[in-house]
Amino acid sequence: IRRVVDFVGGWASWLSLPVVIVTCVDVIARKIKYVDGEGNIHSLQLWMRANVGPVFESVILQELEWHFHAALFALVLGYGVIYNTHVRIDLIRENLAFRKKAWLEFAGLTFFMIPFCALVIWFACDYVQASYAVQEGSVSTVGLPYRFLIKSVLVIGLLIALLAGVAAWLQVATILWGPQHLRFPLMTLEWPEEE
């Protein structure tokens, strides 16, 4: 399970590149101005839209920015769990003994992360289906069509996060009830001898 989450998160992290590129193109093209032969001032973005293609429309670029950003965020959620880089407040947890940390992790995964992901996936599938049924697109007339695609990516990201939660849960369950001599790379905890 960890390898699947690691694979998706590793590849999805490359989405940061189009986020940066699209954002830079949008900002730079809007800010650069030029004067035409008649003395009129135009932005580079208007020239690009007219001469290169409609993809350089400001609305399309801005929607691409948040689509790539949403996909990046959604698809690396599980990656954060796998590498223990997810946000957590460790005021209490850091001062606990290893087995108590394991019990706290087990409770958090069992009662919060896994059920929450499953519940949101359940409702998000209806959200995607409704979007697909009406062929929802951007509210802007020049925006991107097929809004259900980005909504589907959110569901996939939550599925990956759920898989990461299950993988972490299996590790914590092995720590709590498995052989005490067994050692393997942990995701959400550190072995006591490594602390």
Side-chain angles (χ1 to χ4, degrees), residues 1-23 65-132 147-195:
I1 295 172
R2 179 182 176 150
R3 279 191 227 130
V4 170
V5 175
D6 194 16
F7 176 79
V8 172
W11 279 103
S13 65
W14 282 97
L15 288 171
S16 58
L17 189 61
V19 167
V20 170
I21 291 170
V22 171
T23 302
E65 287 171 32
W66 76 258
H67 278 67
F68 282 128
H69 189 265
L72 171 66
F73 178 76
L75 295 173
V76 299
L77 281 172
Y79 198 69
V81 174
I82 292 294
Y83 287 99
N84 201 23
T85 57
H86 55 294
V87 176
R88 74 165 79 218
I89 300 172
D90 286 340
L91 296 174
I92 298 171
R93 183 179 179 269
E94 285 305 308
N95 297 319
L96 296 176
F98 177 71
R99 294 216 27 108
K100 288 182 181 176
K101 284 182 186 179
W103 275 107
L104 184 63
E105 197 70 26
F106 181 79
L109 291 165
T110 303
F111 299 113
F112 296 106
M113 183 182 177
I114 293 173
F116 178 77
C117 284
L119 188 66
V120 174
I121 290 166
W122 176 263
F123 287 109
C125 286
D126 287 340
Y127 183 61
V128 172
Q129 193 278 330
S131 179
Y132 178 76
R147 185 65 50 92
F148 65 90
L149 292 174
I150 190 62
K151 292 179 179 182
S152 298
V153 170
L154 295 174
V155 172
I156 293 166
L158 286 166
L159 282 169
I160 297 299
L162 178 65
L163 284 176
V166 169
W169 186 91
L170 290 170
Q171 281 195 349
V172 173
T174 303
I175 288 168
L176 293 173
W177 297 292
Q180 295 301 310
H181 66 279
L182 188 62
R183 290 293 183 266
F184 47 87
L186 292 178
M187 290 186 266
T188 57
L189 295 168
E190 296 82 30
W191 289 110
E193 61 267 17
E194 293 173 3
E195 293 178 338

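- The closest side-chain heavy-atom distance from Lys100 to Arg93 is not below 4.5 Å.
- Side chains of Leu96 and Trp103 form no contact here, defined as non-hydrogen atoms less than 4.5 Å apart.
- At a threshold of 4.5 Å between non-hydrogen side-chain atoms, the residues Ile175 and Leu186 count as touching.
- In summary, the aromatic rings of Trp191 and Phe184 are positioned with their centroids under 6.0 Å apart.
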Practice task
Show your working on side-chain contact (heavy atoms from CB on, under 4.5 Å) between His69 and Thr23 and close with a plain yes or no.
Solution key: CA-CA 10 Å; His69 189 265; Thr23 302; over 6 Å; no
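- Here the OH atom belonging to Tyr127 is positioned 11.0 Å from the OG atom belonging to Ser152, to the nearest 0.5 angstrom.
- Between Ile82 and Met187 the shortest side-chain heavy-atom distance falls below 4.5 Å.
- Atom CD of Glu105 and atom OG1 of Thr188 lie 3.5 Å apart (nearest 0.5 Å).
- Atom CZ of Phe123 is separated from atom CD1 of Ile121 by 12.5 Å, given to the nearest 0.5 angstrom.
- Side-chain contact between Tyr83 and Asp6 is present, with heavy atoms from C-beta onward closer than 4.5 Å.
- You'll find the side chain of Ile160 stays beyond 4.5 Å of the side chain of Leu77, heavy atoms only.
- No side-chain heavy atom of Leu75 sits less than 4.5 Å from a side-chain heavy atom of Trp11.
- Residue Leu182 qualifies as enclosed at atom CG: its count of foreign heavy atoms under 6.0 Å is above 12.
- If you take CG on Leu159 and SG on Cys125, they are separated by 7.0 Å, rounding to the nearest 0.5 Å.
- Side chains of Asn84 and Glu190 form a contact here, defined as non-hydrogen atoms less than 4.5 Å apart.
- A distance of 11.0 Å separates CG of Leu158 from CG of Leu163, quoted to the nearest 0.5 Å.
- Rounding to the nearest 0.5 Å gives a distance of 9.5 Å between OG of Ser16 and CD1 of Ile21.
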Exercise for the section: Evaluate side-chain contact (heavy atoms from CB on, under 4.5 Å) for Gln129 paired with Lys151, printing each intermediate quantity in order. Expected result: CA-CA 9 Å; Gln129 193 278 330; Lys151 292 179 179 182; over 6 Å; no
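- Applying the side chain to side chain donor-acceptor pair (under 3.5 Å) test to every pair with at least one member in residues 167-184, sequence neighbours left out, gives these pairs: Thr110-Trp169, Arg183-Glu193.
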